[in-house]
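The sequence lines fix the lettering, A, B, ..., with proteins before strands; numbering per chain opens at 1.
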Amino acid sequence: MGQTIAEKILSLHSSKQVYANELTVARVDLFMGQDGTSPLAIQAFQEMSGKKVFNPAKVHLIIDHSAPSPIEGVSALHKLMRDFSRETGIHLHDIGEGVCHQLIPESGQIGPGSLVIGADSHTCTYGALNAFSTGVGSTDLAAGLISGQMWLKIPETIKFTCHGQLPKGVYAKDLILKLIGEVTADGATYMACEYTGETIAALSMEARFTMANMAVEMGAKAGLMEADEKTYRWLSQFTGQKFTPVKADPDAVYAKELTYDTAHLVPQVAKPHRVDNVCPVDEAAGTPVNQAVLGTCTNGRLEDLRIAAQILRHRKVHRDVRFIVAPASRRIFLAAMQEGVIQALVESGAAVVTPGCGPCVGTHNGIPADGENVISTANRNFKGRMGNSKAFIYLASPATVVASALTGEITDPRAYI
Amino acid sequence: MLLRGKAHIFGNDVNTDYIISGKYKFKTLDMNELAKHVMEDLDPDFYQKINPGDFIVAGSNFGCGSSREQAPLAVKYANISAVLAQSFARLFYRNAINTGLPAVECDTANIATGDELEVDLTKGEITNRTKGIIIPVKPLPPVMIKILNDGGLAAHFRKHGGFNF
């Protein structure tokens, strides 16, 4: 019987061939935790009488969600992570290195066919590399650190075939918002998504990460793509390791197959307070914006910063807008500096903050005031997400966010491209 | 296991930011402290309204969003004995069972705020004593029954030294 990408990768990591809805205890290639989930995992590790980590080289703990620490409670938890990492010999990525979902792909330790478990819901991001990666909670992570394994139900798969080339000024973020709006927030619960078609093939690796990242916003366990030359070229920056690509069989069985024509797609916006509350940018245009955020694990990559700089060069953001930029990693921050991208953004009025998650998760770095509107490149707009339940969050592509920062209201970016 | 308490009704797609906001969960491992803020953005007085043993009763996709285990823990430490929902997001579902909070999939349409419920996890049924009706429960997958019976995943590991299904 034919297999999907998810079934194949999970079979490769199990002692038998596995198919949708079966259960497996799989061998995991890499584990990741961040500062919102690792402290509880360390506590669970101790509760499980964990003595040592199964293979310290395969574990990364990343301080990115509240980095640098804004308050002493957080500082104590960060210290717990540093101490645990030192004692066990696992990798620790301290403040300033970047967002977990940028650092794990940059580690060079994962690629096509890998199985990655992370204590963060957006771990599905690495599906863009043809890896099966999914989020778990802290106790699951602790169990993984001890055993090197994870129990998983093999997910069914929804196949999204996207035909056509995205028009100018329309990006992967617009496409994934469109898909989420149609499939809805629980339309892919417990399932894997496979994205395929010429639209996906034409996307850069950075844009593919954006698509995979938001699979969980449909409830999905993973957001998978096939590997191609772009995948290998991207990976070659970080590793010489050869990976075996995993393709779905022609007779693989899907729960659902959806087809989209993307040639006429327009910029999309997710309105408060739901990620699946998606509309064309026109419908939200004119909404006043108090804060614009460019960054996060969804859209904080070099390509995103370049788009912003191109739109902003020699222009100033609107005087009523606070424009916050968080590059996704130190490597991206440095590359953007060398290219003059950071210079252009700062000259336009951007406040650049430490690479990390802060502005997205409401821990620090730009908590909005009551009644304010924020437009952000992030992946969630839940009420209170950014630290104030009386604020309103709109999600969009970097181009739409930056065009809106320029005009002070939600703006179709195509006039600025 | 027989659980008794009153129902507190919530809607569809209750996300983990609503269950426990990021602005609290990064600061502490003190779950009693986090419990005071459970569901705060949906109902600022919710914690005050809970009598020990009460139930959260919701629509579909309960617990969507982040992987934070603080969400089921905050619910558990707020003295909620189980969450009843039409369906759960997978991360919340795993985390609830791993931490020993029963997450019960069932038809919640005939439950209203204040209804007196009896949840029998062994028999797999809910009695709505206020309305005099019995609601069947969708059984947990066998793996999860094993984890829950062992007292959560940490206890399962202590008992078996690893995954043992």
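For chain A, no part of B:Ile97 is nearby; none of its heavy atoms comes within less than 4.5 Å. Residue B:Ser66 touches chain A through both its backbone and its side chain, counting heavy-atom pairs closer than 4.5 Å. Heavy atoms closer than 4.5 Å to chain A are found in the side chain of B:Leu91, but not in its backbone. Neither the backbone nor the side chain of B:Thr16 has a heavy atom closer than 4.5 Å to any heavy atom of chain A. When heavy atoms are compared at a cutoff of 4.5 Å, A:Met386 does not approach chain B at all. In this structure, the portion of B:Tyr18 lying under 4.5 Å from any heavy atom of chain A is its side chain and not its backbone. Heavy atoms of A:Ile71 lying under 4.5 Å from chain B belong exclusively to its side chain. Proximity to chain B is absent for every atom of A:Ala142, based on heavy atoms less than 4.5 angstrom apart. In this structure, chain A has a heavy atom under 4.5 Å from the side chain of B:Tyr93, while its backbone stays farther away. Heavy atoms of B:Gln70 lying under 4.5 Å from chain A belong to its backbone as well as its side chain.
For the residue pair B:Gly65 and A:Phe382, the shortest heavy atom distance occurs at CA-CE1, 4.1 Å. Minimum interatomic distance between A:Thr363 and B:Gly22 (heavy atoms only, all atoms of both residues): CG2-O, 4.1 Å. Nearest heavy atoms, B:Ser67 versus A:Ala119: OG-C, 3.5 Å. Heavy atoms only, all atoms of each residue included: B:Asp13 and A:Ala185 are closest at OD1-CB, 4.2 Å. Across all their heavy atoms, A:Arg385 and B:Arg68 have their closest contact at NH1-NH2, 3.7 Å.
At distances below 3.5 Å, not a single donor-acceptor pair connects side-chain atoms of B:Arg90 with backbone N or O atoms of A:Met191.
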Test side chain to side chain contact (heavy atoms under 4.5 Å, CB included) on B:Phe88 and A:Tyr190 and set out the steps. CA-CA 10 Å; B:Phe88 290 89; A:Tyr190 302 111; 4.2 Å; yes

Side chain to side chain contact (heavy atoms under 4.5 Å, CB included) between A:Thr184 and B:Asn61, intermediate numbers included: CA-CA 11 Å; A:Thr184 76; B:Asn61 203 25; over 6 Å; no

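Comparing A:Asp140, A:Asp186, A:Val361, A:Leu80 by how many heavy-atom pairs each has under 4.5 Å with chain B, the most go to A:Asp140. Chain B forms the most heavy-atom pairs under 4.5 Å with one residue out of A:Leu77, A:Thr189, A:Asp35, A:Asp276, and that residue is A:Leu77.
In this structure, B:Asp17 does not pair ionically with A:Arg380, as no charged nitrogen and carboxylate oxygen lie closer than 4.0 Å.
Residues A:Lys383 and B:Asn15 form no side-chain contact, since every pair of their non-hydrogen atoms from C-beta on lies 4.5 Å or further apart. Counting heavy atoms from C-beta on, the side chains of A:Leu40 and B:Lys25 never come closer than 4.5 Å.
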